[in-house]
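Everything on this sheet refers to the single structure shown next.
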Amino acid sequence: MEAKKVSESFITMNELVLPNDTNTFGNLMGGRLMYWMDIAASIASAKHCNSPCMTVSVDNLSFKNPIKIGNVVHIEAKVSRAFNTSMEIFIKVWGEDMIDQHKYESNEAYFTFVALDQTGKPRTVPQIIPETKNEILLFEGALRRRQVRLILGGKMKPDDANELKALFTKE
Ligand SMILES: CC(C)(COP(=O)(O)OP(=O)(O)OC[C@H]1O[C@@H](n2cnc3c(N)ncnc32)[C@H](O)[C@@H]1OP(=O)(O)O)[C@@H](O)C(=O)NCCC(=O)NCCS
């Protein structure tokens, strides 16, 4: 299976915040944004491995700035690292006030998706080739983030988390 560049999975998604998308403060509801982020991650992961994919984990989400009704939501998603059957997808979100022409950061997050075969079983995905400085940084940090989420998800024992241990062990 041939490795693919990060840029090959890169996608952008734009949405307009309408009244049905908001909370009682007139800002975009967190749940609606998470829904759009999940869709963006799903498209980026399917673009990387050319098969249907399923969300298996979502990392911590902190909302830095609210996105106001009438503003545009910009979502960027790309695969930051591929493992065996799973992929980490990095998502970045901005809001934009088209009238004031002001763009502001909303949040970023890591989603993990698993590629599935026709019987619904996890299948192997192509490896990823990071090219830019930012892509390499994301790629290198992905092993540590994977171990944290596997421990939290009850899929790995803390004693087996060698990448995390290395952070705290002096040579
Ligand atoms: C996704 C699913 C098919 C995987 O099945 P599984 O029996 O857990 O398979 P595995 O244990 O072999 O895990 C498959 C991959 O997911 C990864 N994974 C499993 N749990 C994980 C977690 N909590 N965080 C990150 N990765 C995880 C594994 O590390 C493995 O990746 P790898 O092959 O790259 O090493 C199954 O967990 C499932 O159906 N989950 C529900 C998904 C869903 O409904 N999503 C929509 C949300 S409503």
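We count ligands from 1, going down the list as the structure has it; atoms in each ligand are counted the same way.
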When you measure from the side chain of S45 to the backbone N and O of S42, does any donor-acceptor pair fall under 3.5 Å?
-> yes
With sequence neighbours left out, the residues meeting side-chain contact (heavy atoms from CB on, under 4.5 Å) with L152 are V148
Rounded to the nearest 0.5 Å, the CG atom of D117 sits from the OG1 atom of T85 at a distance of 10.5 Å
Looking at residues at least two apart in the chain, or sitting in another chain, which of them share a ring pair (Phe, Tyr, Trp, His ring centres under 6.0 Å) with Y110?
-> F90
Using a 4.5 Å side-chain heavy-atom cut-off and chaining through intermediate ILVMFWY residues, the residues clustered with I99 come out as none
Note down each nitrogen or oxygen pair, ligand 1 side and protein side, whose separation is under 3.5 Å; give only atom names and the distance to 0.1 Å.
{"residue": "ligand 1", "atom": "8 (O)", "partner": "K155", "partner atom": "NZ", "Å": "2.8"}
{"residue": "ligand 1", "atom": "11 (O)", "partner": "K155", "partner atom": "NZ", "Å": "3.2"}
{"residue": "ligand 1", "atom": "31 (O)", "partner": "S86", "partner atom": "OG", "Å": "3.1"}
{"residue": "ligand 1", "atom": "33 (O)", "partner": "T85", "partner atom": "N", "Å": "3.0"}
{"residue": "ligand 1", "atom": "33 (O)", "partner": "T85", "partner atom": "OG1", "Å": "2.6"}
{"residue": "ligand 1", "atom": "34 (O)", "partner": "N84", "partner atom": "N", "Å": "2.9"}
{"residue": "ligand 1", "atom": "34 (O)", "partner": "T85", "partner atom": "N", "Å": "3.0"}
{"residue": "ligand 1", "atom": "34 (O)", "partner": "S86", "partner atom": "N", "Å": "2.9"}
{"residue": "ligand 1", "atom": "34 (O)", "partner": "S86", "partner atom": "OG", "Å": "2.7"}
{"residue": "ligand 1", "atom": "35 (O)", "partner": "R146", "partner atom": "NH1", "Å": "3.4"}
{"residue": "ligand 1", "atom": "35 (O)", "partner": "R146", "partner atom": "NH2", "Å": "3.0"}
{"residue": "ligand 1", "atom": "45 (N)", "partner": "T55", "partner atom": "O", "Å": "2.8"}

Testing R149, R81, R146 for side-chain hydrogen bond (donor to acceptor under 3.5 Å, both in side chains) with E88, which one passes?
-> R149
